[in-house]
Amino acid sequence: MALKVYVSYAWKAEEDSGVVAALETALAGQDVELVRDVRRVGYGESIRAFMDEIGEADQVVLVLSDAYFRSPPCLYELRAVAEHRDFRRRVHPIVLAGCALHDPLWWIDIVAHWEEQGRVLEAKLATIRRENIGPLNRTVDDYADFRRLVTGQMATLADMNALTEEVHRVTDFAALVARLSASSGQVVVPPRPDPKPEAAPQPVLQIPMPWWAERVERDARGVFIRVMWLGKEHRLDWDVLSKSWWASSKGPIGVDGYGMFCDADLGGVTQRFRRILPGNFWMGSREDEVGREGIEGPQHFVRLTEGYWLAETACSQLVWEAVMGSNPSQFKDDRQNPVERVSWDDVQGFLREVEKRLPGVKAALPTEAEWEYACRAGSNTAFSWGDGIAPDQANYGASESYANGPTGELRHETVPVRAYAPNAWGLYQMHGNILEWCADCPRGYDGSPQEDPCGADDVKTAASRAVRGGAWGGNPRWLRAASRDCCNHDERFNYLGFRLSLRSASH
């Protein structure tokens with residue numbers, strides 16, 4: 001029985017096709033069937049079915065090139081292959097020139113390519129009515145998956161002792177045929193190689209592209225991420241031994257399981273901020289979302305072009321006291337409770353005081369769009385964790401049920417700002433405890449794509465300001481990421497506080 005070997009390659013790339021043709025010639029007369037898409041898929045047959053067939057194949061040759069990693073069909077095939085339980089035994093890579101598996105900057109270029117493809121596609125889709133998009137949404141998901149796939153597979157592929165451009169043409173694929181024979185259990189006689197010293201193995205550098213960084217750089221010291229804070233440059237270095245990012249010098253910048261953070265000293269009290277990168281999301285609620293109100297729609301595509309630092313918690317009474325010297329709150333049993341009974345006008349005074357303590361920084365409230373983007377943390381569900389809520393996830397009027405979910409205790413007061421688990425971006429209690437002031441007043445949604453949207457922010461023309469997140473006594477539907485409300489800029493309530501954002505004053 002002939003050994004069946006599938007080959008995954010960029011068949012539109014001349015060099016890649018040439019290598020496959022040379023491999024086919026080298027295997028002539030051997031008991032091997034080389035299965036190629038251009039030969040196997042007949043007119044009218046399913047290309048996707050062939051990709052799935054490659055994923056189930058016992059022996060697969062990957063002809064890896066720059067073109068391969070930029071080709072959607074090739075990455076469909078790689079995804080199918082990568083899901084197999086025995087990847088290293090069954091996959092046999094051939095690496096062509098230009099495919100720099102051991103260069104982290106090359107991997108970064110590939111990841112950036114799929115990020116850009118996703119942004120372009122999302123921007124195009126944003127111009128089409130959602131009911132007309134249909135399965136095109138699947139392509140958006142695929143592009144995002146390709147980025148994750150490349151990031152996840154780069155260390156594995158770089159670590160495999162693959163045939164390289166310098167070796168495989170001279171050996172005439174002898175090493176590959178021998179490995180196919182050993183992996184399959186079938187005896188295949190390899191062609192005789194020409195004598196040539198074996199190339200020295202390349203060093204392997206396994207560096208994942210962190211989702212929380214905008215770019216990765218390299219200098220004589222190694223691979224690093226540059227971070228600007230208060231006009232000073234800080235760096236996070238890649239540690240080869242621990243395979244993690246770390247701050248090379250003592251300072252305010254660090255990394256943990258949620259991403260990058262900075263610690264700001266506000267009058268002897270530390271407030272931690274999370275880095276929020278520029279990005280896209282669907283703002284507003286889905287038409288079928290439980291508890292939806294009319295002002296939450298239509299859902300529309302939003303792009304935020306600038307990153308910002310956002311406090312990982314609502315402003316606590318401890319922080320407010322350190323900056324302002326007083327505490328207007330009602331619930332003072334714990335100074336880690338959020339400050340409340342502060343108006344939007346009061347918060348403006350607080351922001352100016354923060355700027356005095358942090359020269360070069362612009363302190364602000366997040367816009368309503370920035371707030372929802374951070375609250376969702378990449379999700380498109382009613383809450384950042386899903387489409388339901390339980391009393392152990394937030395502080396709200398838990399005596400009432402949401403979507404037939406569980407009920408619980410109504411506390412009638414606030415709780416400490418880190419009392420519940422954070423979202424995927426490390427932000428605590430974006431849902432519940434207190435409503436949070438936003439910088440702008442609520443704007444009308446018309447369904448059109450928006451870039452850095454902002455409602456009116458002049459108190460002379462718009463007295464109300466958006467408030468978000470729900471509060472300790474509120475109905476659970478008001479805690480949803482898309483739920484909207486507003487208060488007059490001079491109002492103070494025991495369920496109303498805020499969360500601080502920071503930017504460079506030069507922007």
Side-chain angles (χ1 to χ4, degrees), residues 122 125-133 137 276 279-304 310 344 365-389 393-394 396-397 400-405 423-425 427 429-457 462-488 493 495-496 498-499:
E122 286 182 331
L125 291 178
T127 64
I128 304 173
R129 292 178 63 86
R130 297 199 71 192
E131 60 268 26
N132 297 328
I133 292 175
N137 273 323
I276 310 298
N280 310 321
F281 75 109
W282 286 93
M283 189 171 184
S285 59
R286 307 185 311 272
E287 292 185 0
D288 62 349
E289 188 169 294
V290 176
R292 183 180 196 262
E293 298 180 343
I295 59 172
E296 300 168 18
Q299 196 174 47
H300 55 289
F301 182 82
V302 168
R303 168 172 292 167
L304 301 179
L310 187 64
W344 188 90
L365 293 169
T367 66
E368 197 179 10
E370 290 169 344
W371 190 97
E372 184 172 330
Y373 175 64
C375 175
R376 291 188 176 281
S379 69
N380 193 34
T381 46
F383 307 92
S384 62
W385 54 73
D387 281 318
I389 186 172
Q393 293 176 303
Y396 63 99
E400 297 187 61
S401 172
Y402 176 81
N404 298 317
N423 68 12
W425 292 354
L427 302 170
Q429 297 189 107
M430 299 293 285
H431 303 283
N433 211 21
I434 55 163
L435 280 165
E436 298 182 7
W437 285 111
C438 294
D440 51 341
C441 74
R443 62 182 175 86
Y445 295 173
D446 61 9
S448 63
Q450 300 289 318
E451 184 172 289
D452 299 322
C454 183
D457 58 2
S464 65
R465 287 293 180 271
V467 292
R468 289 296 203 109
W472 52 265
N475 188 292
R477 71 174 183 270
W478 298 335
L479 274 67
R480 293 174 299 111
S483 181
R484 310 178 73 193
D485 202 347
C486 63
C487 293
N488 285 338
F493 299 108
Y495 52 79
L496 188 53
F498 71 100
R499 186 180 302 255

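We count residues from 1, following the sequence as given.
For the side-chain hydrogen bond (donor to acceptor under 3.5 Å, both in side chains) test, residues two or more places apart in sequence or in another chain that qualify with Trp385 are Gln393. Residues passing the side-chain hydrogen bond (donor to acceptor under 3.5 Å, both in side chains) test with Ser483, sequence neighbours excluded: none. Applying the side-chain hydrogen bond (donor to acceptor under 3.5 Å, both in side chains) rule to Asn488 yields no partners; only residues at least two apart in sequence or on another chain are considered. The ring-ring contact (aromatic ring centres under 6.0 Å, His included) test applied to Tyr396 returns no partner, not counting sequence neighbours.
Shortest non-hydrogen contact noted between Arg484 and Ala482 is CG-O, 3.2 Å. Thr367 and Cys454 get closest at one heavy-atom pair: CG2-SG, 4.1 Å. Closest approach of His431 and Leu479 over heavy atoms only: ND1-O, 2.6 Å. Contact record, Gly279 with Tyr373: CA-OH, 3.3 Å, taken as the closest heavy-atom pair. Pairing each heavy atom of Ala471 with each of Leu435, the nearest pair is CB-N, 3.9 Å.
Side-chain atoms of Met430 and Trp371, non-hydrogen and from C-beta on, do get closer than 4.5 Å to each other. Considering only heavy atoms from C-beta on, Pro442 stays 4.5 Å or farther from Ile295 through its side chain. A heavy-atom distance below 4.5 Å is found between the side chains of Glu400 and Pro476. You'll find the side chain of Trp425 stays beyond 4.5 Å of the side chain of Leu310, heavy atoms only.
Sequence neighbours left out, the pairs with a member in residues 467-478 that pass salt bridge (charged side-chain N to carboxylate O under 4.0 Å, His left out) are Glu368-Arg468, Glu372-Arg468. Applying the salt bridge (charged side-chain N to carboxylate O under 4.0 Å, His left out) definition to pairs two or more places apart or across chains, those involving residues 432-451 are Glu436-Arg499.
The backbone N or O of Gly291 lies less than 3.5 Å from a partner atom in the side chain of Arg480, making a donor-acceptor pair. Trp478 places no side-chain N or O within 3.5 Å of a backbone atom of Gly432 that could act as its donor or acceptor partner. Looking at Asp387, its side chain does come within 3.5 Å of a backbone N or O of Ala382 through a donor-acceptor pair. Distance alone, capped at 3.5 Å, places no donor-acceptor pair between the His300 side chain and the Tyr445 backbone. Here the side chain of Arg286 pairs a donor or acceptor atom with the backbone of Asn380 at under 3.5 angstrom. Checking side-chain atoms of Asn423 against main-chain N and O of Phe383 turns up no donor-acceptor pair under 3.5 Å.
Rounding to the nearest 0.5 angstrom, the gap separating the CG atom in Leu304 from the CD1 atom in Ile276 is 10.5 Å. Ile434 contributes atom CD1, which lies 8.5 Å from atom CZ of Phe498 (distance to the nearest 0.5 angstrom). A distance of 10.5 Å separates CH2 in Trp472 from CG in Asn433, rounded to the nearest 0.5 Å. Taken to the nearest 0.5 Å, the CH2 atom of Trp344 stands 14.0 Å off from the SG atom of Cys486. We find the CH2-CZ distance between Trp437 and Arg465 to be 8.5 Å, quoted to the nearest 0.5 Å.
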